[in-house]
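Notes follow once the structure below has been shown.
Every chain is numbered from 1 and lettered A, B, ... according to where its sequence line falls, protein lines coming before strand lines. Keep in mind that what you see is a predicted model, and the values were worked out from it rather than measured.
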Amino acid sequence: MKIHVNEQIVELADNSNIEQLLTYLDKPLMGSAIAVNQEIISRSHWADTILNEGDNISLFQAIAGG
Amino acid sequence: MKIHVNEQIVELADNSNIEQLLTYLDKPLMGSAIAVNQEIISRSHWADTILNEGDNISLFQAIAGG
Amino acid sequence: MLSDDELLRYSRHLLLEDVGKTGQEALKKANVLIIGMGGLGSPASLYLAAAGIGHLVLSDFDNIEVSNLQRQITYQSDDIGESKVEVTKRKLQQINPDIKVRSINKAMPEEQLTMELTMADLVLDCTDNMAARQMINKACVNAKVPLIVGAAIRLEGQLMFFDHSHADSSCYHCLFPDSEEQTLNCSNSGIIGPVVGTIGTLQALEAIKYFVGLPSGIKNKLKLFDGKSLDWQTFAINKDPKCTVCGQH
Amino acid sequence: MLSDDELLRYSRHLLLEDVGKTGQEALKKANVLIIGMGGLGSPASLYLAAAGIGHLVLSDFDNIEVSNLQRQITYQSDDIGESKVEVTKRKLQQINPDIKVRSINKAMPEEQLTMELTMADLVLDCTDNMAARQMINKACVNAKVPLIVGAAIRLEGQLMFFDHSHADSSCYHCLFPDSEEQTLNCSNSGIIGPVVGTIGTLQALEAIKYFVGLPSGIKNKLKLFDGKSLDWQTFAINKDPKCTVCGQH
């Protein structure tokens, strides 16, 4: 299936969950947040959140500065 | 036809132009700007811009303050 | 009650249906704790003092350095070496002699923060490190004090509002559960002044709206600001029932 | 060339790939004319001075009144009665002694504005009335000087960037062709400080980006800010070929 990650198209196996996406992207888990279709998914739900064709994924880091 | 004006649904005669919309809405022309689907339409094109079913119209006033 | 001087000073508020006399009196009664007097705390504290927030408490342990002056608009060159909170306190009182400003010139340990929260109606997190952000969030959750979080680096900003007076509010830890320090901060990654300025200014806006009774558009939301495009993205933050800070653990 | 003091002062810029030494030197060479030292001009001028814009020209004819202090964060209570440009000039020099600041303590007639534009790389419109806005736009179109326009009232803001160094740029008059005064301004409708502060701060951001060579996300665009929801709308402004200011009339 095709999903969008930070506005880039990513081809991913059907029924992948968020943890599998992050492993596939080789992105750091530390300090990361992830949203599916503009809704933040808590870390505790990354393993049980199944992604669907056409989902818009936003992946970003915590900013600590100020 | 149905169009959206500042996120409200407005029922308008087919093939209406922007001037006709403003007359229908009884809105002041002075200081107003109008956008159709996120694009500003110059005052000189209000009479020849025909609206279409489903168009998103934004109508707002110039702000002079600061 | 507002004095004649206050009626003049706040006339641009009194003209607003959304503020008016009632709103101005609510601002006058308000107690706001601002933690961090850097790039976020500068505009946030200036705008809140100007708006007539009656009681401001400022916390920071830093002295002013020349590299702060590129963006921390409260400070001037001859303030270098002085305490940020003391200089800010003096300037806020010069802007608005009607308000009370108290300074805490140290890094507050958790117990002191908890004590301060018993007197605060609202907290602005204007800090610059993850450990402080997690501690402030936890203390605000426990004390049920609303928290407006700002953060910025490079040309990017983040803004959140968690109203911990409501038990169903999500929290900063639901969004960012990692307490470990990020490698990226202003000192090693740089920052454009007006980017952090925009976020701090919006923290002040949300604070004013909170006290005058205007609904916030960003409760349990995260706004991401891209200073390159000037685009904003908005994300809903659901409460994580398993959150070790705000969940039913 | 940057001095050792400048390398320290601007270290948070020098860390940014998008600015660096080249960008900082471009800021140092830049000439910016800011017209209006009110709610927009306050943060805009503070952030540009802090960022190291080498030459700032400030124009306003007002003296400071107590009702300004609710949002115009450059000014303090004991400045009341003094000239806005003189007080701002003094404070900007205190923030950053390395830059040059010149003040124009009057309403500039068109000829003087045109003369000033021969020395300006960029103009910020921070005024508070439609007549001034139309005059500034026309002069910038004719002189081919880029113009960043800010405006705010109540809880609403508007932000635009017209790069008149390009002949195909649209202009303020393409968007708002009416020169007649609007009935709504800050004096009769009120304003929340951080709303006008956000717009002025973003004018400064766009100015900094322009000089360091970062593309603007808002050229020939209008950003509308709703301070109640914190939502932004973006509109494209096409050049009106029949525009009496920028068109081929």
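Comparing D/Ser170, D/Ala151, D/Gly157 by how many heavy-atom pairs each has under 4.5 Å with chain B, the most go to D/Ala151. Note: D/Pro177 leads D/Gly38, D/Gly200, D/Gly41, D/Pro177 in heavy-atom pairs under 4.5 Å with chain B.
The number of heavy-atom neighbours closer than 6.0 Å to CD of B/Glu11, taken from other residues, nucleotides and ligands shown, is above 12. D/Lys221 NZ: 12 or fewer foreign heavy atoms inside a 6.0 Å radius. For B/Asn15, the CG atom counts as loosely surrounded, since its 6.0 Å shell holds 12 or fewer non-hydrogen atoms of other residues, nucleotides or ligands. More than 12 heavy atoms of other residues, nucleotides or ligands shown are found within 6.0 angstrom of NZ on D/Lys219. Other residues, nucleotides and ligands contribute at most 12 non-hydrogen atoms within 6.0 Å of the NZ atom of D/Lys138.
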Please step through side chain to side chain contact (heavy atoms under 4.5 Å, CB included) for the pair D/Lys242 and B/Ser42, ending with a clear verdict.
CA-CA 9 Å; D/Lys242 294 181 189 153; B/Ser42 312; over 6 Å; no

Check step by step if side chain to side chain contact (heavy atoms under 4.5 Å, CB included) holds for D/Phe176 and B/Gln61.
CA-CA 9 Å; D/Phe176 294 126; B/Gln61 292 284 114; over 6 Å; no

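Two residues are said to be in side-chain contact when any heavy atoms from C-beta on lie closer than 4.5 Å; B/Glu39 and D/Asn238 meet this criterion. Using a 4.5 Å cut-off on side-chain heavy atoms (C-beta onward), B/Ile41 and D/Phe235 make no contact.
Contact annotation for D/Ile199: neither backbone nor side-chain heavy atoms come within less than 4.5 Å of a heavy atom of chain B. If you measure heavy-atom distances from D/Glu156 to chain B, the contacts under 4.5 Å come from both the backbone and the side chain.
Judged by distance alone, the side chain of D/Gln158 and the main-chain N or O of B/Ile63 form a donor-acceptor pair under 3.5 Å. The main-chain N or O of B/Gly31 is found under 3.5 Å from a side-chain atom of D/Asp178 such that the two form a donor-acceptor pair. Here the side chain of D/Arg133 pairs a donor or acceptor atom with the backbone of B/Ala64 at under 3.5 angstrom.
If you take CG on D/Leu222 and CZ on B/Phe60, they are separated by 4.5 Å, rounding to the nearest 0.5 Å.
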